[in-house]
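Please read all numbers here as calculations on a predicted model, not as lab measurements. Lettering follows sequence order; numbering is per chain, from 1.
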Amino acid sequence: MSEETRFNPHVADTRWQKAWEEQRTFVADDASEKPRCYVLEMFPYPSGRIHIGHVRNYTMGDVLARYKRMTGHEVLHPMGWDAFGMPAENAAMEKGVHPGGWTRANIENMKAQLKRLGFAFDWTRELATCEPEYYGHEQALFLRLYEAGLVYRKESEVNWDPADMTVLANEQVIDGKGWRSGVEVERRKLSQWFLKITDFAEELLDGLGGLDAWPDKVKLMQENWIGKSQGLRCIFKFVGSEDGIDVFTTRPDTMFGASFVAVAADHPVAQRCAENAPSLQEFIAECKKGGTTAAEIETAEKQGFDTGLSVEHPLDASWHLPVYVANFVLMDYGTGAVFGCPAHDQRDLDFARKYELSVTRVVADGDQTASDFEGDEAYSDAGKIVNSHFLNGMNVDEAIAAVIATAQNEGWGEGQTQYRLRDWGVSRQRYWGTPIPIIHCDECGAVPVPEDQLPVKLPEDVSFDIPGNPLDRHPTFSKADCPKCGQPARRETDTLDTFADSSWYFIRFASQPSDKPFDKAAVEKWLPVQQYIGGVEHAILHLLYARFWTRALSYIGLLDVKEPFASLFTQGMVTHQTFKHGDGSWLSPDQVKKDGADWIAIEDGSPVTAGRIEKMSKSKKNVVDPDDIVDQYGADAVRWFMLSDSPPERDLEWSESGIEGCWRFVNRLWRIVDTYNRYAASDISIQSQQTNLNLVSSAHLTIDFVGKDIERLQFNKAIARIYSFTSTIEKAGPGYPYWEEAVETLLKLVAPMTPHLAEEAWSSLGKEGLIANAPWPQVDPAMLVEDEVTIAVQVKGKLRDTLTVAKGLPKDELEALALASEKVQRNIDGADIRKVIVVPDRLVNIVI
RNA sequence: GCGGACGUGGCGGAAUGGUAGACGCUACAGACUUAAAAUCUGUUAUCUGAAAAGGUGUGCGGGUUCGAGUCCCGCCGUCCGCACCA
C-alpha cells in the first residue's frame, strides 16, 4: 500500500481548525431562528496545562455540540476560565510570580492546547472570572442580593494556623496540622459574610423533582445534603428554673430513654459554665483543636465534660438529667444541643458507656423488651415502643406524633422542620478572588459600595513574602471613605469564595453586555443549559450553589429561569497504571518496560512494582500530556480514544495500546476514503465477493443507533456500532450496491468525533462546503424492519437450540417448531412436558 | 462517622427479567514481504472431550421466577463526596 494512503493529522488538523475559525463556523448566532441548544462543559481552572480529564470532558460536549449542529440546531458551546483560586497564590509564594501574570499565562497556554484538539467552541464569548469585566458584574449581583436581604454577617469557624497566623483551607490541613508550619491547627471564629441559601432549602429540594435528566445519584446526594427532617424542638428546663436548654430531636419517640443532655462547645450554656471553671475552659479549648471538616470532627473520639448542671425531663419533672459539653455536638445543626438516648443511637451509646450513664431500651428489638440495654451496638431500627408510659405499644411514627402533640398541648415544645443545609459562607481571607464590595464604617456599619464605583478592583501591587492576605497589608486598598457619611472607613479585605464565580458564568456566556451582568431577554433565549457535563466531584457544592444563585436571581426579578441545567452528565476520571521503585519513589510509565512477567526500570534495569491504576496525578507520575499525544497521533485519534471503550460515566484507563488502536482505526477510515477516490477515478468495475450484505439496512440501523447513543451520551456504544458498520463497508467493497452512499454516511457519523479526518475526507470526495455544516443523515424507518429473527429454545431454562424464523410467527407455530427440534427432543428425553412458555420473536422455554 | 456509587473473560466493556461475553484491546496462528512495519484472515471465558457434545460461569451467601448479570434480603471488597481544593 502506498504512502499517501496514510492520514496526515498534522496537516489536516491545522487546515480545518483554520477553516472553522475563518468561517466562524461555531460562533453562536443570538438572532437565529433555528431551535436552540446550549451545550456546556464545566470550565477549567487554569492550572497551567490541560489535563487529559479535561480532554475527555470537552470531547464529550464537543461531539454533542457538533451533532446538534448537524441536526439543525443553533448551538451555543462556549469556553472560559474559572481563574480565581488558591493555586495562583501558592505559585506566587513558591516561584515569586504574580498570581495575575501566572494565571493569564496559563490561560494562553491552555487555550492553545484546547485549540489543537479542534473543539467547536465559540471563542468570541470566552471569559475569565479574574478580570474586572467579569467580577465587577459579580460584585453588582452580590449587592443586589444584599439589598434583597439574602446576604448577612455572622461568626463562623475557620482553620487557624497559630504559627503562620493565617487561615488555612481544609486542603491545607494535613492530619490536623498546617501544611507549611506543621503546627496543630485550631478552629477560630471570624466574622464572615453568608448567603442565605437556607431560605431556598425547600425550593431547591422540590426543584430536584423536576430534574428528570439528572442522574438519580446526584439528586439523591443533593437531597441528603439539604437533609430535610421533621422533629421536635423542646425545652429541657434547669432544675428549679424557668430557663432551660433548647433541644432539637428527630426521635422524640425515644424521649423516655434519655440519659443525658449534651451541648456544643460554643453553646452559650457551655460558655457560661466555663466562666468560673478553668477545667471546662481547658476542655473547650481541647475541642477547638483540629480542623473544621465534618470527617475530622465526626471521627474524633467522643469526649464530654460534665457541667454539674441538671435539667428536668419534659415529660416527668422529677426525673433529672445531667448536662454535658460534648465534642460531637455541632453548634451549626439544630439548636446546638441534643438529648442522648444511648440505646437507640450509636454515638450516644458510645458516650454513655464511656461516662457510665444509664442505657434504657425504649424500642423493642423483636421480643427484647427488658429496660436494661445490653451490648455496645445501638438498636436504631423500627419496633414497638416499650418502657415509655403512655407511648407503650405504639410504633415509632405513632410515638413521634404523640410526643409532639403532647409537647404542643403542654407548651414545652413544638414540631419543627429542620434542614441539614447551612448558609453558604462566602468570605475568604485571600487575595486572588473577587473583592467583596463593602465598606465598614464605625458610624454606619457595613455599607455597600455604590454601584457607580464598581468594580472594586484588586490591586496588582501586592507581595507574598509573608503568609496571610496581602490585601490586609496593602498601603491603600483598605482605606476608603464611607459612602454614607463620608468619614474615613475601612474597605472589606475578604474576597468571595470562587464557587460564587462559577455560580453564574453560564448566564454570562449567554449574554455579555458591558454595562450590566446580563440581558434578561437574551439569557432566556438560551437558558436552561440543555446539556451540562462535568466531573461527579461537583455533584453537590458547585451544582447546588449554581442552582441557588439562579433561583436567587429569579427571586430578585433579574431572571425568569429557575433551574439552570436541564440535563446533567457526570463523567468519570481518566486513570493510568502507576509504577513504584523499591525505595517508594514513583516512575512514569515511559520509564519502565516489561521483562518477562515483571517490570523493570529502563534506565538501570532495577525491579519495579506495577501499582494500582489510579487517577492521573503529577505526584504519582502517571500523567499523560495531551500535547504529546496530539503530536504523536493527531487530535482525532485522541478524541476517539476519549470516547471509546469505557462508558462515559465510568473511569477510563489511559493505555498506550488503546491509543494505538484508535490511530489504526483513523487510518482504516482513511483507507476507505482512499479506496472510494481511486475507484471513482478509474473505470474498472469491481465485483464484490460478498452477496449477502445489505448496506442500505446496515446504514440506516447504524444512523438510528448512533444518533440515539449520542443523544444519551453513550459514546462507547455509538463507537461499537460504527466499528461494525465500518467492517461491513470493508467487506462489501467498492462496486457493491449502495457502497458510495454508505461511505458518505459513515463520514457524517464520525464527523462529530473525528472532525478533522471527516473534513479532509469530505473535501477529497469533492463535496461542497464543510461536513460540520452538512445535515445529519436521515433514517428511513422502513429500512429498520428486520424480517427474520433468531429464537432461543430452552429446556428447563437452559439453552438447547436456536431457530431462525420469520418475524411475528404465532405462538403455537413457534411451540411446534421448538418441539420438532432434534436437540430439544434429546434433552426432553421422553419426560412429561409440564408447561411451555413462548415469548414471540424471542424464545421458547419447555418446562419438564 | 455520615452520604453516594461500583464489582461480568487476560484487559476496557455489551446485554427492555428472555441465546452472557456485542464491539475494541491484548495474545496466538496463518497470508503478503528478502525481512520488518503496516495490512488482511482465523482463534481467544473455563473444565471434560479427538470431535460431536456436555458441565461450570457475571464479588460471596440466600430468595422471588418457567427463566436472574439484571429484581429482593444479608455480607465482602473498591472508589468518590463531606461545606475554605477546583
Undergrad: Between Ile719(A) and Leu190(A), which residue's closest nucleotide on RNA chain B lies nearer the 5′ terminus?
TA: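 Mapping each residue to its closest nucleotide by heavy atoms, the 5'-most match is Ile719(A).
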
Undergrad: If the cut-off is 4.0 Å, is Asn667(A) near the phosphate of A38(B), judged by side-chain N/O to OP1 or OP2?
TA: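 The answer is no; no side-chain N or O of Asn667(A) sits under 4.0 Å from OP1 or OP2.
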
Undergrad: Look at Arg428(A) and C84(B) and indicate whether a side-chain polar atom (N or O) is within less than 4.0 Å of OP1 or OP2.
TA: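 Checking C84(B) against Arg428(A), a side-chain N or O does come within under 4.0 Å of OP1 or OP2.
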
Undergrad: Measure from the side chain of Tyr723(A), starting at C-beta and using heavy atoms only, and say which of A53(B), C23(B), C84(B) lies closest.
TA: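 Shortest atom-to-atom distance from the side chain points to C23(B).
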
Undergrad: For G57(B), decide between syn and anti, treating a glycosidic angle within 90° of 0 as syn.
TA: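 What G57(B) shows is an anti base, its glycosidic angle lying more than 90° from 0.
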
Undergrad: Can you tell me how far P in G54(B) sits from the matching atom in U39(B), rounded to whole Å?
TA: 39 Å

Undergrad: State, without any angle test, whether Tyr633(A) and Glu660(A) hold a side-chain donor-acceptor pair at a distance under 3.5 Å.
TA: yes

Undergrad: Base, sugar-phosphate, or nothing: which does His538(A) touch, judged by heavy atoms less than 4.0 Å apart?
TA: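 His538(A): base contact, heavy atoms under 4.0 Å.
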
Undergrad: Whole angstrom is fine here: how far is it from CG in Leu643(A) over to P in G13(B)?
TA: 15 Å

Undergrad: Where along residues 840-848 of chain A does a heavy atom come under 4.0 Å from RNA chain B, residue by residue in number order?
TA: Arg842(A), Leu843(A), Asn845(A), Val847(A)

Undergrad: Can you name the nearest heavy-atom pair linking Met753(A) to Asp636(A), along with the distance?
TA: O-OD1, 4.4 Å

Undergrad: Can you confirm if the aromatic rings of Trp424(A) and Tyr545(A) lie within a centre distance of less than 6.0 Å?
TA: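 Ring centres of Trp424(A) and Tyr545(A) closer than 6.0 Å.
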
Undergrad: I need the CG-C1' distance between Asn224(A) and A5(B), as an integer number of Å.
TA: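 It is 13 Å, rounded to the nearest whole Å.
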
Undergrad: For the side chain of Pro87(A), counting heavy atoms from C-beta on, which of A86(B), C84(B), A83(B) is nearest?
TA: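 Taking heavy atoms from C-beta onward, the closest nucleotide is A86(B).
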
Undergrad: Any Lys/Arg nitrogen of Glu822(A) or Arg826(A) sitting under 4.0 Å from an Asp/Glu carboxylate oxygen of the other?
TA: yes

Undergrad: What interatomic distance, in whole Å, is found between C1' of G81(B) and the corresponding atom of C47(B)?
TA: 44 Å

Undergrad: Compare side-chain N and O positions of Lys717(A) against OP1 and OP2 of A15(B) and report whether any pair is under 4.0 Å apart.
TA: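 Yes.
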
Undergrad: Using atom names, set out every protein N or O paired with an N or O of nucleotides 8-12 of chain B below 3.5 Å, distance rounded to 0.1 Å.
TA:
residue: G12(B); atom: O2'; partner: Ser646(A); partner atom: OG; Å: 2.8
residue: G12(B); atom: N2; partner: Asp645(A); partner atom: OD1; Å: 3.2

Undergrad: With a 4.0 Å cut-off, would you call Lys219(A) and Asp216(A) a salt bridge?
TA: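 Yes, charged N to carboxylate O under 4.0 Å.
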
Undergrad: Considering every strand and a 4.0 Å limit on heavy-atom distances, what is the contact class for Val218(A): base, sugar-phosphate, or nothing?
TA: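 Contact class for Val218(A): none.
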
Undergrad: Between G69(B) and U16(B), how many Å separate the two C1' atoms, rounded to a whole number?
TA: 15 Å

Undergrad: For the P atoms, the ones on G59(B) and on C11(B), what distance do you get once it is rounded to whole angstrom?
TA: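 Looking at atom P only, G59(B) and C11(B) are 13 Å apart.
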
Undergrad: Just how far, in rounded Å, is P of G81(B) from CG of Leu421(A)?
TA: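 For the pair Leu421(A) CG and G81(B) P, the rounded distance is 20 Å.
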
Undergrad: For the pair made of CZ in Phe328(A) and P in G1(B), what is the distance, rounded to whole Å?
TA: 15 Å

Undergrad: To check you understand the geometry: which heavy-atom pair defines the closest contact between Arg153(A) and Ser191(A), and what is its length?
TA: NE-OG, 3.4 Å

Undergrad: With RNA chain B as reference, determine whether Thr790(A) or Ser655(A) sits nearer its 5' end, using the nearest nucleotide of each.
TA: Thr790(A)

